[in-house]
Amino acid sequence: MAILKTNQLTKTYGAGDTAVTALDHLSLEIAVGEMVAIMGPSGCGKSTLLHLLGGLDTPTSGEVWIDGQNLTRLNDNQLTELRRRKLGFIFQFFNLIPVLNAVENAALPVTLDGMASQQAQAKATEWLQRFGLGNRLKNLPSQLSGGQQQRVAIARALVAEPALILADEPTGNLDTHASDEIAALLRQVAKEYRRSVVMVTHDPRIAAYADRIIFLKDGKLADETVLASQPAGAVAH
Amino acid sequence: MSIRHALLGLLSQRPRHGYELRAAFSAVVGGEESWEVKPAQIYMTLERLTEAGWVVCESNLGEGQEPARRIYAITPQGHSALQAWFGSGVPSEHQRDPFFLKLITAVVAGEKDLQRILQVQRATLYRELHALTALRGRLDARVELAQILLLDKAIMHTEADIRWLDFIEIRLDEICRQPIPQPELRPRGRPKKEIQPE
């Protein structure tokens, strides 16, 4: 079953002679529990793709479907709600709030969604404990290593139990050892917790953790490599 | 050669028979999937080591149910050969590259779709990298650190090979426009006498 589907997804910036096509009629599907890496040279459209999948930008043409909902047909409020409940975001620079501790940061999406603070923090604590941060709950981001900060960010991405995690260079700001830990954790998120993970990366070592690599070039699918076959019934195509 | 000396090293630990030696070799190199040596190769190597005087072979008639086996033991000459090996460097063979050979052969043969050759190779390397990463993740660093370090080496080199493919891909058209490497022409026979200027 596909959790994510794009149909002829196209994004053009500018108009006329100066128009730049960042994404060119791209169609793809991501299965439940699948981990996919998006790779390609800079300017190939991978960031544009991630922004369109996350509803952070609107396509020029084509469609994005997440869990059966067509993103391009939603109004702003519906889109905000979908982003909050179905999607989790992970960034290169963690994007934690410096004055909030690990639990408060991880609880933020559900707190903003109106969940009672105590319940929200209990959920956040649960995820942080799963990720080995049980003894760092009250630490501020500045008191955590890069790898630990990214684990808080992954807990934050998962706290609302989303179906799909979008990660933009999640190991881009980490050393080799922490990068491996984060990539292994994202794989665990896909396999053990059955969330789909779409990760943009330029690091072959990190991409190798995925089930499938999609190579983009000039906004188009240049190549695709399956690294691990999906269990029957979960195949994307 | 490495296998010969590795067998010497294992025999310096204690005398063993051929079958035991092969199992011990397999264990230290990270299993048969990482470095397979056939029994015939072990016995041939032991024969050479015996001829060189680095190893002696004693027949064991076997006690009780045990069958008769040839037991091999290291000699003092064997010990010094082993020490000499520990004291010397091991050259890497990165320039002898089977994929490069395939690619340059494709250029020579006028193969049209070089891009496809690169893509297939990239997919192969990524699958290998995925399998290595998964295998590494299953090992226990408290007791299997040696195997983890070997896998780290394999992971780092596979990663470098993938990056190298990206380099090639960018310059593929340029390579095709350049002349194909030709053998150096050496004139046969006696070199001609150089004419001395007056």
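Because the structure is a prediction, the values reported are computed rather than measured. Per chain, numbering begins at 1; letters A, B, ... match sequence-line order.
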_A/L227 versus B/R127, closest heavy-atom pair with distance_ = CD2-N, 3.6 Å
*Using non-hydrogen atoms and a 4.5 Å limit, figure out which bit of A/A183 sits close to chain B: side chain, backbone, both or neither.*
neither
*Gap between atom CD of B/Q119 and atom CZ of A/F215 - 0.5 Å precision*: 8.5 Å
_Could you measure the distance from the CZ atom of B/R122 to the CD1 atom of A/I213? Nearest 0.5 Å is fine._
9.5 Å
*So which heavy atom on B/H130 is nearest to which on A/Y209, and how close?*
CE1-O, 3.8 Å
*Just wondering, more than 12 heavy atoms not from A/Y193 lying within 6.0 Å of its OH?*
yes
*Over 12 non-hydrogen atoms of neighbours within 6.0 angstrom of OH in A/Y13*: yes
_Rounded at 0.5 Å granularity, tell me how far CZ in A/R205 sits from OG1 in B/T133._
7.5 Å
*Measure the spacing between CE of A/M39 and OH of B/Y126 and express it to the nearest 0.5 Å.*
3.5 Å
*So, for A/P204 and B/L129, which heavy atoms are closest and what is the spacing to 0.1 Å?*
O-CD2, 3.6 Å
*Begin from the C-alpha positions of B/R136 and A/D180 and carry the test side chain to side chain contact (heavy atoms under 4.5 Å, CB included) through to its verdict.*
CA-CA 11 Å; B/R136 191 192 184 286; A/D180 273 322; 5.7 Å; no
_Heavy-atom closest contact (A/H202 atom, B/R163 atom, distance)_ = O-NH1, 4.5 Å
*Mind checking the CD1-OG1 spacing from B/I155 to A/T176? Nearest 0.5 Å is all I need.*
11.5 Å
